[in-house]
Amino acid sequence: MGTAIEKNKQKAVGQNLKFDIPILARHGINLDDFHADTMLMSYVLNSTATRHGMDKLAEFYLNYTTVKYKEITGTASKQINFSAVQIDIASNYAAEDADITLRLFNKLNGLLKDKPTQLKLLKEIEYPLVHVLSNIEMNGAKVDKNKLADHSEELSKKIEDLSKQAFKIAGEEFNLDSPKQLLVVLYEKLKLPILKKTPKGQPSTNEETLQRLAEEYEIPKVILQYRTLAKLKSTYTDSLIRIENPSTKRIHTSFQQAVTSTGRLSSTEPNLQNIPIKTAEGRRIREAFVPEKGNVLISADYSQIELRIMAHLSKDKNLTHAFNNNLDVHSATAAEVFSVSLDNVTQEHRRSAKAINFGLMYGMSAFGLTRQLDIPRAEAQKYLDTYFERYTGVKDYMENIKAKAKEDMFVETIMGRRLYLNEINAANGLRRQAAERAAINAPLQGSAADIIKKAMIDINGFLNKEMPEVKMIMQVHDELIFETPKNISEEVLLLMKNMMEDAVKLDIPLIAEAAIGINWNEAH
DNA sequence: CATGTCACG
DNA sequence: ACGTACGTGACATGA
């Protein structure tokens, strides 16, 4: 059996096939393989040249203006269903889609012909990943709606109470959700000092500013609490309840595979990659992510993957040594930078070293470290100088990557994914420096993305074949979450951990940390 | 539709 | 003198 499209699947060419796969599936067509996806061809060629939707690709690569969906269905209140569009107009639109996709394929295929590395990335990573992401999206994640609703109710009460407190101090009622109204109250009525302005020159009311004002004034504290809780309610508790699929009773995110400049995925409607974790109140949201009865959740995340990649790419002896000996890398850095023995590293040392390690991967300056650690500029400079004395490989790597970026106009990940940096030689110093920071960060963030994608492909292949009762349900950049029957969970944990650690072979070991729980918070 | 803010890695 | 740490997405306001 099998339809014509199934029989010829190795010749199938599409634009964003992840979108088409479940639709075809609903009509009994199983597209488990395909020849090419123009969206991903464009993404691998140049992640930032253009957006990778068909309309933009047609403009960019074919200089052709497509008929827009909204032109034939109308917008907003006047919008009609595609099935209600007049048949000749609908067929013309659909035919154009197919025509343009094939023309894009021919064009992009020509551009990729002499680029074996990008072709390999496309065929070995991005194409296989389409099916993995499709699986994860269809699996979905279960949430405890009652738990979320109770939490929402509780938040409502606290939010109302905090508003009243704020209004009392302000001496008037206003919209706390409006930064514009808030700044009038804070800076004009109550005459608090303006410590920081927004990019547009407006006095800022952001968290950092309010935190500093809170040392001396009462109302910023109340507003900070209000903001935290209002955010949790609007973005998480309320919206997760609303977005549950009524037929599957689960939450189905959509992964974007051609959005980020570095090769990471992103997640939309809902975004499952920014579920709170940093505060206790926030972690209650994670407690609402639960398994079906009889199942448990497993979370497995790569330990310090970007720093490990920095050790691999820079070949720095000191950093490599730390990972080869499974040291706590921030403590090891603290020992070097503050010239103390590992045993004498304090929590404060470690905290500073952690800020240095993270800052370095973002191309941070001494000034940035000053702000982060709230220390004098000279001291921050001293820390960085000492760091680069002890980690000369890292220093050379940073300098070399910037120089190479200026020459090539792009940087690459371990799998040859390129990020073009158009402003790396810009005359505007601010823009040039921003590009230099991106040059440092992209190979680290992007290689980490390459690695977890490879792990996902390996794991999905294994699970579909050997353990179809185990579901991969989320990816959060360096973390994978699985739902598995409880009775095999210990075995699954070890298998997943090992497959993540073995996804690629680097000069340093990769470590994945995994745990089992009855909700996401407990598993993490 | 831009702006400000804040949730995550 | 200025701005100063990478990459995302969602929500609310207000023009």
Side-chain angles (χ1 to χ4, degrees), chain A residues 47-48 174-183 196-211 223-224 226-240 242-243 253-256 259-279 281-283 285-286 301-307 310 355-373 377 380 384 411 419 421 428-446 448-449 452 474-480 524:
Chain A
S47 61
T48 55
F174 62 101
N175 189 342
L176 274 167
D177 293 325
S178 165
K180 204 162 180 185
Q181 293 183 33
L182 178 60
L183 82 85
K196 193 184 154 201
K197 294 196 173 179
T198 67
K200 292 283 166 195
Q202 187 176 266
S204 175
T205 68
N206 73 7
E207 188 187 341
E208 187 204 332
T209 311
L210 294 180
Q211 209 75 261
I223 294 161
L224 280 167
Y226 172 90
R227 283 246 180 96
T228 305
L229 302 187
K231 176 86 174 184
L232 288 180
K233 182 167 150 62
S234 68
T235 308
Y236 301 104
T237 56
D238 288 354
S239 74
L240 286 173
R242 219 179 312 123
I243 207 160
T253 188
S254 174
F255 283 107
Q256 309 303 311
V259 164
T260 72
S261 59
T262 57
R264 270 190 179 181
L265 300 174
S266 80
S267 158
T268 58
E269 285 182 298
N271 181 354
L272 291 184
Q273 295 182 320
N274 72 346
I275 303 300
I277 190 169
K278 288 172 185 167
T279 66
E281 185 80 36
R283 276 196 294 276
I285 312 274
R286 289 198 173 214
D301 67 283
Y302 282 112
S303 163
Q304 307 294 352
I305 188 164
E306 292 184 14
L307 270 176
M310 188 155 90
I356 293 170
N357 279 331
F358 273 94
L360 282 166
M361 294 191 291
Y362 299 147
M364 186 182 60
S365 63
F367 183 86
L369 190 61
T370 289
R371 287 184 40 155
Q372 190 66 32
L373 294 180
R377 178 87 170 255
L384 288 183
V411 290
L419 171 59
L421 296 158
N428 180 320
L430 286 181
R431 287 169 175 238
R432 189 178 61 247
Q433 283 164 26
E436 287 171 1
R437 293 194 294 269
I440 289 170
N441 182 260
L444 307 175
Q445 186 182 122
I452 197 165
M474 286 189 264
Q475 189 256 37
V476 191
H477 309 307
D478 64 355
E479 173 187 16
L480 297 174
H524 188 84

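We name chains A, B, ... by the order of the sequence lines, and we start the count at 1 in each one. Fair warning: this is a prediction, and the values are worked out from it, not measured in the lab.
- Across all their heavy atoms, A/Ser239 and A/Ser234 have their closest contact at CB-O, 3.7 Å.
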**Message:** Run A/Gln273 and A/Phe255 through side-chain contact (heavy atoms from CB on, under 4.5 Å) and show every step you take.
**Reply:** CA-CA 10 Å; A/Gln273 295 182 320; A/Phe255 283 107; 4.0 Å; yes
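- We find the CD1-OG1 distance between A/Ile285 and A/Thr279 to be 8.5 Å, quoted to the nearest 0.5 Å.
- Here the closest heavy-atom approach between residue A/Leu183 and residue A/Pro203 is recorded as CD2-O, 4.0 Å.
- Contact annotation for A/Lys200: backbone-only contact, meaning every heavy-atom pair under 4.0 Å involves sugar-phosphate atoms and none involves a base.
- Nearest nucleotide to the A/Thr260 side chain, out of C/dG9, C/dG3, C/dG7: C/dG7.
- Comparing C/dG7, C/dG9, C/dC11 by their closest approach to the side chain of A/Val259 singles out C/dG9.
- Within the 4.0 angstrom heavy-atom criterion, base atoms lie near A/Gln445.
- If you take atom P in C/dA1 and the same atom in B/dC6, they sit 31 Å apart, rounded to whole Å.
- Using a 4.0 Å heavy-atom distance criterion, A/Thr370 is classed as making no nucleic acid contact.
- Taking every side-chain heavy atom of A/Ser266 into account, C/dT8 is the closest of C/dT8, C/dG7, C/dT4.
- Shown here for A/Gly263 and A/Ala449, the closest heavy-atom pair between the two residues is O-CB, 3.5 Å.
- Residue contacts shown for A/Asn175 are limited to sugar-phosphate atoms, with no base heavy atom under 4.0 Å away.
- Residue-level contact check: A/Ile275 touches the backbone only, with heavy atoms under 4.0 Å from sugar-phosphate atoms and none from bases.
- Checked against C/dA10, C/dC6, C/dT8, the side chain of A/Glu269 finds its nearest nucleotide in C/dA10.
- Taking atom P in both C/dT4 and B/dT5, the straight-line distance is 14 Å, to the nearest Å.
- Contact annotation for A/Gln181: backbone-only contact, meaning every heavy-atom pair under 4.0 Å involves sugar-phosphate atoms and none involves a base.
- Taking both residues in full, the closest heavy atoms of A/His524 and A/Asp301 are given as CE1-OD1, 4.3 Å, listed atom of the first, atom of the second, then distance.
- For DNA chain B, the outermost nucleotides in 5' to 3' order that have an atom under 4.0 Å from a heavy atom of chain A are B/dT3 to B/dG9.
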**Request:** Under 3.5 Å for both distances, Watson-Crick or G-U wobble, that's the pair rule; now give the dot-bracket for DNA chain C, with | marking pairs to another strand and [ ] for crossing ones.
**Result:** .....|||||||||.
